[in-house]
Amino acid sequence: MTVRTRIAPSPTGDPHVGTAYVALINYCFAKKNGGKFVLRIEDTDRARSTRESEQAILDSLHWLGLSWDEGPDVGGPHGPYRQSERSEIYREHVQKLLADGNAFKCFCTPERLDDMRAAQRASKLPSRYDGLCTSLSADEVAKKEAAGIPYVVRLSVPAEGVCVVNDLRRGRIEIEWGSVDMQVLMKSDGMPTYHLANVVDDHLMEITHVFRGEEWLSSAPKHLLLYQYFGWEPPELLHLPLLRNPDKSKLSKRKNPTSILFYKAMGYLPDALLNFLGLLCVMPPEGEEIMDLPLMTDRFALEHISLGGPVFDVTKLDWLNGRYLRERNDLDSFMSKAGTWGLETDRLRRIAALAQPRIERLSDLGPLLAFFFAGRVAVTAEQLRTPKLDDVSLRKALQLASWGFDALTSWQTSDIEAVLKDVAARLDVKLRDVTRPFYVAITGSATSVPLYDSIDILGRDIVRERLRIALEVLGGVSSAELKEWAK
RNA sequence: GGCCCCAUCGUCUAGAGGCCUAGGACGCCGGGUUCUCAACUCGGUAACACCGGUUCGAAUCCGGUUGGGGCUACCA
């Protein structure tokens, strides 16, 4: 049997470094064993999935040097590789589960479910669907359906006993069936949930080894149960540790840049970033930590995957990137990379157009435009403060703008302007009273070239990071504030 | 709260009962080199979370404690 692994990203946001880390491990294992590596898009969340995000993920993984044997962009014998295009397949499988009595229709309202969970938590019970709709007779179900009451399909779970999950590195893990939820398998919009789609697809795509994030460990029993219901052989499972922030919490963009696009915009080289991720899962040769993909593949061994969640240590990435910059490039290749990074003609042209009206000597260019060629800019709380806003409003403005920028589906000066106008409106102040700190946070100075264009040219990832730094300089945002402002 | 996972220098890690006086890398500190800085080079700093077992012998095995993390959605 040939080894087949997969990476199954969900196109609901920026391409995450964690996705690249999991992809790298799946890639190396497959290639080391002469197998195939598959990329599948898990876009069953219709509200959040976008084609832009999907494209960005594919592009980013390619940028890093990873490639796949089958996927939505390259095709393959087990397609389609986009779950939104496989609805009919899931529907059939749900019908089978229903027919075999391994799943049931549930008409409960979200309100009832909320109340139920609150009560369970209050009495220290595991949160789990209470099975109300399992007692519905066929007649009652038919009647509700005829009345057009929306329903979901849930997984039937044994009331007693334990489920044994065999993890390739962790060994035998026992989980009580009583603590496993009767998971929704098909949503009321007819789309499958991850749990169903992932099992059906892994089987149909003949995936032999599932290496995925540790966050999936507790739902493994549901997946195993589905394999059993369908009469399929489950794949080998291995749950990978999650990448961490320096404070050991799960790597999150609130605390750290997580987007591959950010690292690209900062001027990290793809080989260095991939090498860095490799250091977290492949043991390098004695005394030399520089590894390219073929070497990482060759040295890859399951036994060397550590189970402790590694901190994403940017300092070490910096060192590695520096080595790539100076050791793996001659001057010509270095210049070419620097040019591609920041001096590409169209970008330079836009920047020049902003500067031309504002300078008297060409030598004014350096100080005026330096922030376009920097990663972070140094700012102090004092520089950020503005007479028209108190500290709380100031932080709120930065936070709201950050959220607003993240929510934009297109990145044009007009969109950027709209976000800032909305921020001003929500703070009930004039636009010009709110923009000053943004000049400081983004360009490093209160007097600079136009803000919207600067934000546009710098790009979403650098801007997000500069706003995050500004917020941090101002003392950070409390979780209470986050909750309040999110309304 | 409940369930589950994890635990070696600040960080990434080597280590699968004696080879451990715990090794390497990043960082940090100091020396050398050098027109400055960086790079390079030499040296130093620093860890087996804790408590009990098992064993002639434990970083390695077992149990407990503590700590960290994840999950607990009609998100993945």
Side-chain angles (χ1 to χ4, degrees), chain A residues 8-13 16 18-19 41-49 53 83 106-110 113-114 117-118 120-129 150-154 162-163 165 167 169-171 173-198 212-222 239-251 276-290 303-323 325-327:
Chain A
S10 176
T12 54
H16 199 282
T19 303
I41 295 293
E42 308 237 327
D43 55 351
T44 54
D45 184 343
R46 288 204 304 204
R48 297 198 304 147
S49 297
S53 170
Q83 290 184 330
C106 170
F107 298 87
C108 292
T109 62
L113 295 172
D114 283 348
R117 292 194 187 100
Q120 286 168 337
R121 207 184 154 92
S123 44
K124 304 185 179 186
L125 261 27
S127 179
R128 183 182 197 242
Y129 180 64
Y151 67 89
V152 299
V153 176
R154 287 181 183 275
V162 293
C163 174
V165 178
D167 183 283
R169 287 283 286 115
R170 292 161 214 266
I173 297 162
E174 297 189 358
I175 296 174
E176 293 271 348
W177 282 120
S179 71
V180 176
D181 200 3
M182 298 177 216
Q183 186 64 47
V184 172
L185 299 177
M186 183 163 282
K187 307 178 232 180
S188 52
D189 67 0
M191 288 293 265
T193 57
Y194 168 86
H195 304 284
L196 197 242
N198 131 275
R212 66 213 318 185
E214 189 182 351
E215 72 235 76
W216 297 110
L217 185 50
S218 40
S219 45
K222 297 166 193 169
H239 293 89
L240 276 3
L242 267 14
L243 266 26
R244 309 289 184 90
N245 295 310
D247 70 2
K248 300 277 190 180
S249 56
K250 168 166 134 177
L251 194 65
F276 173 72
L277 293 172
L279 251 18
L280 306 179
C281 55
V282 178
M283 192 162 74
E286 181 67 32
E288 179 50 272
E289 297 190 322
I290 295 260
E303 313 79 68
H304 279 122
I305 293 181
S306 303
L307 263 20
V311 171
F312 193 90
D313 182 11
V314 186
T315 310
K316 184 139 186 181
L317 208 208
D318 288 342
W319 165 78
L320 204 54
N321 200 57
R323 286 196 59 187
L325 246 18
R326 73 182 85 92
E327 293 175 21

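This structure is a prediction, so every number in the text was calculated from the model and none was measured. Chain A is the first sequence line, chain B the second, and so forth, proteins listed ahead of strands; every chain is numbered from 1.
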Give the nucleotide from the list [options] with an atom nearest to the side chain of [X].
| X | options | result |
| --- | --- | --- |
| A:Arg170 | B:C3, B:C5, B:C71 | B:C5 |
| A:Ser127 | B:U72, B:C74, B:G68 | B:U72 |
| A:Thr44 | B:C40, B:G68, B:A76 | B:A76 |
| A:Lys187 | B:C12, B:A76, B:A25 | B:A76 |
| A:Lys316 | B:A76, B:A25, B:G70 | B:A25 |
| A:Ser10 | B:C74, B:C3, B:A76 | B:A76 |
| A:Leu307 | B:G70, B:C6, B:C75 | B:C6 |
| A:Glu289 | B:G24, B:G69, B:G1 | B:G24 |
| A:Arg117 | B:C74, B:C3, B:G69 | B:C74 |
| A:Glu215 | B:G70, B:C74, B:C12 | B:G70 |

Base, sugar-phosphate or nothing for [X]? Non-hydrogen atoms, less than 4.0 Å.
| X | value |
| --- | --- |
| A:Thr315 | sugar-phosphate |
| A:Arg326 | sugar-phosphate |
| A:Val311 | sugar-phosphate |
| A:Glu42 | sugar-phosphate |
| A:Met283 | sugar-phosphate |
| A:Leu317 | nothing |
| A:Arg323 | nothing |
| A:His304 | sugar-phosphate |
| A:Glu174 | sugar-phosphate |

Problem set entry | Comparing A:Ser249 and A:Arg169 on RNA chain B - which has the more 5′ nearest nucleotide |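 Checking each residue's closest nucleotide, the 5'-ward one belongs to A:Arg169.
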Problem set entry | Along RNA chain B (nearest heavy atom to each residue), the more 5'-positioned of A:Ser219 and A:Cys281 | A:Cys281
Any side-chain N or O of [X] below 4.0 angstrom from OP1/OP2 of [N]?
| X | N | result |
| --- | --- | --- |
| A:Lys222 | B:A76 | no |
| A:Lys248 | B:C6 | no |
| A:Ser306 | B:A14 | yes |

For this session: Report yes if a donor N or O on one partner sits less than 3.5 Å from an acceptor N or O on the other, where the partners are the side chain of A:Arg48 and the base of B:C75; otherwise report no.
Result: yes
For this session: Give a yes or no on whether a salt bridge exists between A:Arg323 and A:Glu288, defined as a side-chain N under 4.0 angstrom from a carboxylate O.
Result: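 Looking at A:Arg323 and A:Glu288, the cut-off is met.
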